[in-house]
Amino acid sequence: MTARLPWGYDLIHFEEIDSTMDEARRQAAKGVSGPLWIMADRQTKGRGRRSRTWESGAGNLLCTLLINPGIAAAEAAKLSFLTALCVGETLDHFLGAAHRVRLKWPNDVLLDGRKAAGILLESVSGGGGMTEWLAIGIGINLARHPEPAPASPDAAPSWPAISLRAAGVEPPPAPETALEVLAARFDAWLALWRQQGFAPVRPAWLARAARFGEPIEVRLDKETLPGIFTALDESGALVLTLADGTVRMISAGDVFFPEQH
Amino acid sequence: MNKEKIDKDMIRALAELLDETRLTEIEIEHQGLRVRVARQPGAAAPVMHYAPGAAAPAQTAQPAASENLAAHPGVVTSPMVGTAYLSPEPGATPFIAVGDAVETGQTLFIIEAMKTMNPIAAPRSGKVVRILVTDGHPVEFGEPLAIIE
């Protein structure tokens, strides 16, 4: 079947590809500015942030949205939150409920406290800091999810995973069906974004934020900061209040919960 | 509020005030944006530091450089607040090293903010003479990242 997308969006569907992010880069290099959805049944080089691998098994949604937002790089980064909302609402749709999905800063989507999706955004800026294009990569675990990796002292801590099927949605939606729902959510939120920017996204994201106002840990490249998740600022930075009252603005890092030691 | 649209007139007025009053530093907060205009010892021009949000402490020990790098004609600055990476992935060879010749458009750094990866491209061809950021460290909007001559 072919996914039916909102008016104005193109779709390229591959049976197998290196990764939809790499394809988005090739499309952008050819001058395609989107909006274009790229989906694949399988990826041979699925990847996440800082080249972590993303398990790309059949039956899951693997896709990238290529858009040309024409906004400053700092603004484009806030589309991370919009993306998490769209993915969260897509999961709600198939779960038939909204209370099981929470969002972890900035764009992790947790279903029953487990990672159900991966999101990766890559931009290219031209002169003047404007974004020439933005590739929004999304993987949603529909039919399967990775088993926890064997514990290794060197491995970065990983988050437990889940799929819609494991959460009780049987049979799970076909990837094309999930893309139709996701693309419709994007169309609606992007229309709002074009009119009002981050303003409506921020409270909607906070309303579903995991551990808002509670203790969390932020792991940076070279240190781990425990503190209270006190706010999300207008730039999208996580506001972390440390035990001594110091306030840190976090724009990159991994959030963990204190019980995950 | 768009923090990139910094009121240049306001900064200019502050810089003039700094000269007039012979102060070494003026810091003001206006609509959530904090601007500090400070004179570095021995420097001719005032150096501006931007801090996002009213509550943010100055957390990066960013350089009381004795030269005004931001005004260097070959400077490459950060388009956003974020974390700088010097290599495409942890442990990989850095994009550039001092002394390298680079082509226009070649990736020099990645700045990450909100899990959005922003490759920073060389604005011109030339030779990398300085790299001003450390891998995995935070950078501010407008902060000098490298000098290409």
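Chain A is the first sequence line, chain B the second, and so forth, proteins listed ahead of strands; every chain is numbered from 1. Computed from a prediction, not measured in an experiment: that's the story for all the values here.
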Closest non-hydrogen atoms of B:Thr116 and A:Ala76, given as atom of the first, atom of the second and distance, are OG1-O, 4.5 Å

For B:Gly82 against A:Ser251, the heavy-atom pair lying closest together: CA-OG, 3.3 Å

Nearest 0.5 Å please: distance from the CG atom of A:Leu220 over to the OG1 atom of B:Thr83. 7.0 Å

In terms of heavy-atom contacts, does CD of A:Glu223 have more than 12 from other residues, nucleotides or ligands at under 6.0 Å? yes

Do you know the tightest heavy-atom contact between B:Met114 and A:Asn107? O-ND2, 4.2 Å

What part of B:Ser78 gets within 4.5 angstrom of chain A, counting heavy atoms only: side chain, backbone, both, or neither? neither

Pair count under 4.5 Å, heavy atoms only, with chain B: among A:Ala252, A:Ala77, A:Ser80, A:Ala199, highest is A:Ala77

Output for pair (B:Lys115 NZ, A:Glu122 CD), nearest 0.5 Å, gives 14.0 Å

Non-hydrogen atoms of chain B under 4.5 Å away: do they reach the side chain of A:Phe81, the backbone, both or neither? side chain

